[in-house]
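Naming convention: chains lettered A, B, ... in sequence-line order (proteins, then strands); numbering from 1 in each chain. Being a predicted model, the structure only gives us computed values, none of them experimental.
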Protein chains: 2
Amino acid sequence: MPDRKRNPEIPIRTAVANEDGIDFTLIELFFFAYRDFTSDPDEMLADYGFGRAHHRVLHFVNRRPGLTVAELLEVLKITKQSLARVLKQLIDTGHIVQLQGPRDRRQRELYPTAKGRALALALARPQSRRIHTALQDAGAGDRAFVEDFLKAMVNPELRTQIDASPRNQE
Amino acid sequence: MPDRKRNPEIPIRTAVANEDGIDFTLIELFFFAYRDFTSDPDEMLADYGFGRAHHRVLHFVNRRPGLTVAELLEVLKITKQSLARVLKQLIDTGHIVQLQGPRDRRQRELYPTAKGRALALALARPQSRRIHTALQDAGAGDRAFVEDFLKAMVNPELRTQIDASPRNQE
DNA sequence: AAAAATATGTCAACAGTGCTGACATATTTT
DNA sequence: AAAATATGTCAGCACTGTTGACATATTTTT
């Protein structure tokens with residue numbers, strides 16, 4: 001065994017590549033892919049003084065108009081204090097409006113305005129284009145498989161939420 | 001047209017679903033999938049007082065042992081000031097060691113220690129398991145297509161970097 | 001009707017990770 | 001000898017997440 005007193009830190013010079021059958025290639029690709037996937041809207045958001053968090057809120061309010069604050073927190077898995085900052089900005093800038101819940105007046109239903117809808121579409125456009133191009137560039141295989149794969153990557157208990165969004169069926 | 005004086009913010013009540021042929025379903029799934037994909041290591045890292053940034057550094061140092069600080073910055077696309085904080089912690093905790101570059105003594109080659117290798121493997125394990133399970137659960141389609149798709153999602157000019165990592169060929 | 005629970009909002013402090021700008025040191029290149 | 005390069009470091013800032021505490025309005029329970 002190595003002399004830890006003299007060589008407390010022995011450098012490992014071999015690259016990790018398949019130990020224990022771990023798929024480092026896909027792990028790494030997922031990181032690169034997601035980073036570039038978010039880079040397009042990130043740049044656009046900077047012009048508005050918004051960040052990625054604003055994008056997420058805007059996205060889900062457009063996908064599920066009328067969802068309550070509590071529902072939005074549940075989908076995003078963040079705290080209300082985190083949401084408050086970005087939601088306030090989106091309301092102040094006229095991208096989102098709040099309506100008092102019809103049944104329960106404590107609730108605040110969130111809706112996009114025309115401005116908010118337009119921004120959501122503008123942000124999604126380059127992302128959708130990237131996905132579409134990638135599907136074409138990738139070899140044999142179809143969009144349905146990617147959808148199934150990504151859905152299977154999500155924690156089972158959250159897959160119900162996914163189905164709460166309107167389908168993209170054609 | 002609406003009276004903007006009285007109704008400055010008209011809520012849109014229809015969900016966005018396919019406007020302009022935008023694939024909101026995959027956009028949304030990519031968000032959920034990546035969030036859950038990173039959640040397993042995130043929890044483990046908390047025990048070490050580390051964050052996601054530490055994971056990335058550890059991953060690439062294990063994938064490309066001996067890479068220099070400049071190369072690491074290039075792969076991660078962050079500034080040296082951002083890297084400095086997390087790299088210092090990984091070195092101080094004995095997960096990574098620096099060796100003076102053999103040709104250029106200004107350079108610092110980064111290597112994982114046995115401890116660093118072990119942690120990298122431990123962090124990758126649940127991620128790889130999730131990918132593997134998802135591939136099985138997803139319908140007809142194979143791993144190669146997912147790899148091709150993810151690679152095609154990455155900015156073209158960065159695909160060279162990807163090939164710098166050892167392949168996962170079996 | 002009063003009490004408890006719920007939905008939301010807000011204030012304050014803090015952590016992690018990114019940024020820019022400025023400057024220092026060692027080493028290599030010109 | 002001078003300039004360029006690789007790395008390190010200090011300081012301050014932004015964004016987005018956290019916890020804890022407390023306030024208000026409304027609904028539900030007792």
At 4.0 Å (heavy atoms only), tell me whether [X] reaches a base, stays on the sugar-phosphate, or touches nothing.
{"X": "Lys88(A)", "answer": "nothing"}
{"X": "Arg85(B)", "answer": "base"}
{"X": "Gln98(B)", "answer": "sugar-phosphate"}

Taking it one step at a time, do Val146(A) and Leu150(A) satisfy side-chain contact (heavy atoms from CB on, under 4.5 Å)?
-> CA-CA 6 Å; Val146(A) 171; Leu150(A) 290 177; 3.9 Å; yes
Which is it for Leu121(B) and Val16(A) under the side-chain contact (heavy atoms from CB on, under 4.5 Å) test, yes or no, and what are the steps along the way?
-> CA-CA 9 Å; Leu121(B) 286 170; Val16(A) 72; 3.8 Å; yes
Is the distance from OP1 or OP2 of dG17(D) to the nearest side-chain N or O of Arg35(B) less than 4.0 Å?
-> no
Does Arg52(A) have a side-chain nitrogen or oxygen under 4.0 Å from the phosphate oxygens OP1 or OP2 of dT16(D)?
-> no
[X] side-chain proximity, nearest of [options]:
{"X": "Ile78(B)", "options": "dT7(D), dG17(D), dG18(C)", "result": "dG18(C)"}
{"X": "Thr79(A)", "options": "dT19(D), dA6(D), dT26(D)", "result": "dT19(D)"}
{"X": "Lys80(A)", "options": "dT27(C), dG9(C), dT7(D)", "result": "dG9(C)"}

Which comes earlier along DNA chain D counting from the 5' end, the contact point of Ala70(B) or that of Ser82(A), where each point is its nearest nucleotide?
-> Ala70(B)
Position toward the 5' end of DNA chain D (nearest nucleotide), His54(A) or Arg106(A) | His54(A)
Interatomic distance where CG belongs to Leu72(A) and P belongs to dA7(C) [whole Å] | 15 Å
Going by atom types only, do Ser165(A) and Glu28(B) share a side-chain donor-acceptor pair under 3.5 Å?
-> yes
Does a side chain donor of either Arg35(A) or Asn155(B) reach within less than 3.5 Å of an acceptor in the other side chain?
-> no
Using both distances under 3.5 Å as the test, list the Watson-Crick or G-U wobble partner of dT30(C), or none.
-> dA1(D)
In the structure shown, which nucleotide is the Watson-Crick or G-U wobble counterpart of dA11(D), with both distances under 3.5 Å?
-> dT20(C)
Do Gln81(B) and dG21(C) have a side chain to base donor-acceptor pair shorter than 3.5 Å?
-> yes
